[in-house]
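See structure below.
Per chain, numbering begins at 1; letters A, B, ... match sequence-line order.
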There are 2 protein chains.
Amino acid sequence: MANIGAHSGGKRVKNGHETLVASPGMTLAESLRQKLEGAIAAGHLEPGSRLDEQEIAQRFGVSRTPVREAFRLMAANNLVELRGRQGATVRSIKAQALIEMFQVMAELEGLCARLAARRVSQAWRTEIGEIHQRLVAAGETGDIDVFYDINQEFHEAIYEASRNSFLADQTRKLRNQVAAYRRRVTRMPNRIVDTVREHEAIMQAILAHDPERAHSAMRDHVSLLGDNLLDFLAAFE
Amino acid sequence: MANIGAHSGGKRVKNGHETLVASPGMTLAESLRQKLEGAIAAGHLEPGSRLDEQEIAQRFGVSRTPVREAFRLMAANNLVELRGRQGATVRSIKAQALIEMFQVMAELEGLCARLAARRVSQAWRTEIGEIHQRLVAAGETGDIDVFYDINQEFHEAIYEASRNSFLADQTRKLRNQVAAYRRRVTRMPNRIVDTVREHEAIMQAILAHDPERAHSAMRDHVSLLGDNLLDFLAAFE
DNA sequence: ATACCAATATAAGTATACATATTGGTCCTC
DNA sequence: GAGGACCAATATGTATACTTATATTGGTAT
C-alpha cells in the first residue's frame with residue numbers, strides 16, 4: 001500500500017495525522033500539492049492508484065475542500081487524472097504517451113541547450129564544470145540516488161543558462177511529469193557511463209558557443225533516455 | 001435557500017443571470033472555465049483586471065465553490081494569477097515574457113510541422129488545401145475575425161497531423177495563453193498578406209514531405225508573428 | 001443460468017456558513 | 001501636520017452539510 005509520508009521522515013502531530021509543513025503564507029491546498037507531487041515523483045504513489053478525497057483529507061487532518069483544490073492543481077500539471085464523478089487517480093502514462101512526451105522534451109531541452117550556447121557567462125562555465133565533476137565522482141562511487149540528483153542539477157543549470165524563464169518552467173514541468181518513470185532508468189546497466197559521456201558532449205558544445213551542436217547533442221541525450229525507458233518498460237510488460 | 005440545481009440536465013436560466021450552457025456531463029467549474037477563458041481570449045476581460053469571486057458567482061447564479069475551482073484551473077493554464085488572500089487577476093503578460101513564449105511556441109509549432117511533414121495522409125492534403133483556400137478568400141474579403149478563426153484552423157490541422165497528441169495539447173495551450181495578444185496583431189497592416197504567403201510555404205514543405213523545411217518555415221512564421229507583436233507593443237509603451 | 005432492471009450505497013459536485021488575513025481609513029500622538 | 005497604529009470592513013481560505021450521479025449488487029424474468 002502506498003503510504004504517502006512513510007519515508008519522508010516527517011514529523012507527526014496529533015491523532016496520527018501527518019503534518020503539513022507549516023509554510024506560513026502558503027495555503028493548505030498548495031502545501032498538499034507539494035506533498036502529493038513529491039510522493040508521486042518519488043514513486044511512493046504508484047501510477048494508476050486511486051486518490052481518495054476523504055481518505056487524504058482525514059490523513060492530513062483537513063477538510064475535503066483543500067484536497068479538492070490540490071487535485072485540480074495537480075490535474076493541471078497532468079500528474080493526476082480526474083474523471084468526472086469517478087475520483088482522481090495518479091496518472092499512469094502509457095508507452096505511447098511517453099514516446100510523445102520525450103519527443104517534446106527532447107525539443108525543449110534542445111532549445112535550452114541552444115540558447116545556453118549563445119548566452120553562457122564565465123561564472124556559468126565554472127559552475128557547470130563543477131557540477132559535472134561531481135556527477136563523474138558519483139558515477140564512480142556508484143551511488144545511484146546521488147547520481148540522479150546531480151544529473152538533475154546539470155539539466156537545471158542548462159535551463160537557467162537559457163535565460164528564458166518560461167522555457168525553463170515548461171521544461172521543468174515536463175521533466176517532473178516523467179520523473180516517476182525516469183528514476184527507474186538510472187538503474188540500467190550502462191546508463192551511468194553513457195550519461196556522463198553524453199553530458200560531456202553537451203557541455204563542450206555549449207562552452208564552444210556552438211548552438212546547433214548543443215541542440216542536437218541534448219536532443220540525442222534526451223531521446224536516448226526515452227528509448228532506454230521504453231526498453232525498460234517493454235521488458236516488464 | 002434557493003436550490004438552483006434541483007433539476008437535472010436542463011439549461012439553467014435564472015432571471016438576470018448569464019446562462020451557463022449546461023453541457024451535460026460537464027461540471028459547473030469546467031463550464032465556467034470555458035466561458036471565462038473565452039472572455040479572456042476574446043479580450044473582453046482586460047489583462048490585469050481583477051476577478052471577483054462573489055461577483056462572478058452572482059453573475060452566473062452559482063456558488064463560490066465552482067468559481068474558485070475554475071480560477072484554479074485557469075491559474076494552471078497561466079491565464080490568471082492567484083495571489084494568496086489577494087484575489088485573482090487576469091494575467092498580464094509582459095513584453096519580456098511574450099518574447100520567451102513565442103520562442104518556445106516557434107519551436108513547438110516547428111516540431112508539429114516537422115512531424116506533420118513525415119506523416120501526412122492523402123485525406124489531410126485535401127483538408128489543409130480546403131482550409132487554406134478559405135483563408136485566402138477571407139483575406140480578400142478582409143473580414144478580420146473570420147480570417148483569425150480560419151488561421152487558427154490551419155494551425156490546428158497541423159497539430160493534428162503531427163500525430164503527437166501530447167505535443168498538440170501543449171502547443172494548443174500555449175497558443176491559447178497568448179491568444180489575447182495575438183488577436184490584436186491580426187489587425188496590423190501587412191499581416192494578412194504575409195500570413196497567407198507564409199502559410200503557403202509551410203503547406204508546400206509539408207506536402208513535399210520535407211521535414212526540415214517545414215520546421216524552419218513554421219518557425220519563421222511564428223517568430224515573425226512575435227516580432228510584429230513586439231513592434232505592436234513597443235508602439236504602445 | 002444469464003441478462004437486465006431497479007434500488008441502494010458511496011463518492012464527487014455544489015452550496016453555505018465560519019474563520020482569518022489583508023486593506024483602507026481614521027484617530028491619536030509626536 | 002504627518003506618520004503610525006489600531007480597528008473595521010471585505011474577501012479569501014476552510015469546513016461542513018446537502019444534492020446528485022454513477023456504480024455495484026441483488027432479484028426477477030426469460
Return the value, rounded to whole Å, for the distance between atom CZ of A:F71 and atom C1' of C:dA11. 12 Å
Establish, with yes or no, whether the OP1 or OP2 oxygen of C:dG13 is under 4.0 angstrom from a side-chain nitrogen or oxygen of A:R72. yes
To the nearest Å, how far apart are A:L28 CG and D:dA15 P? 6 Å
Does atom CZ of B:R163 have more than 12 heavy-atom neighbours from other groups under 6.0 Å away? no
Do A:T65 side-chain and D:dT16 base share a donor-acceptor contact under 3.5 Å? yes
Does either side chain, that of B:H199 or that of B:H221, offer a donor lying less than 3.5 Å from an acceptor on the other one? yes
Identify all side-chain donor-acceptor contacts of residues 97-108 of chain A below 3.5 Å with residues at least two apart in sequence or on another chain.
from: A:E100; atom 1: OE1; to: B:S165; atom 2: N; distance (Å): 3.3
from: A:E100; atom 1: OE1; to: B:S165; atom 2: OG; distance (Å): 3.1
from: A:E100; atom 1: OE1; to: B:F166; atom 2: N; distance (Å): 3.0
from: A:E100; atom 1: OE2; to: A:Q96; atom 2: NE2; distance (Å): 3.2
from: A:E100; atom 1: OE2; to: B:S165; atom 2: N; distance (Å): 3.4
from: A:Q103; atom 1: OE1; to: B:N164; atom 2: ND2; distance (Å): 3.0
from: A:E107; atom 1: OE1; to: A:R219; atom 2: NH1; distance (Å): 3.3

Below 4.0 angstrom from OP1 or OP2 of C:dA12, is there any side-chain N or O of B:T27? no
B:L32 has an atom CG; how far is it from atom P of C:dG13, in whole Å? 14 Å
In whole angstroms, the gap separating P of D:dT12 from CD of B:E81 amounts to 15 Å
Have a look at B:E69 and say if it touches a base, only the backbone sugar-phosphate, or nothing, with a 4.0 Å heavy-atom cut-off. nothing
Rounded to whole Å, the CD-C1' distance (A:Q54 to D:dA17) equals 13 Å
Figure out the CZ/C1' separation between A:R83 and D:dT22, and round it to whole Å. 12 Å
At how many degrees, to 10°, do the end axes of the helix from C:dA1-D:dT30 to C:dC30-D:dG1 meet when each uses five pairs? 10°
With nearest nucleotides of DNA chain D determined for A:A29 and A:R64 from heavy-atom distances, which residue corresponds to the more 5′ nucleotide? A:A29
Distance only, no hydrogens: is a donor on one side chain within 3.5 Å (strictly under) of an acceptor on the other, for B:R182 and B:Y148? no
What integer distance in Å separates A:E30:CD from D:dT14:C1'? 16 Å
Heavy-atom closest pair (A:M74 atom, A:L36 atom, distance to 0.1 Å) is SD-CB, 3.5 Å
Euclidean distance, atom CG of residue A:L51 to atom P of C:dA12 [Å, nearest integer]: 10 Å
Which of D:dG13, C:dA11, C:dT22 is nearest the side chain of B:Q86? It is C:dT22
Carboxylate-amine/guanidinium contact B:E30 B:R33, below 4.0 Å: yes
Examine D:dT12: is either OP1 or OP2 under 4.0 Å from a nitrogen or oxygen in the side chain of B:R50? Give yes or no. yes
In plain terms, say whether B:R172 and B:E160 are close enough for a salt bridge, that is, a side-chain N and a carboxylate O under 4.0 Å apart. yes
Among C:dG13, D:dT14, C:dA15, find the nucleotide with the atom closest to the side chain of B:R68. D:dT14
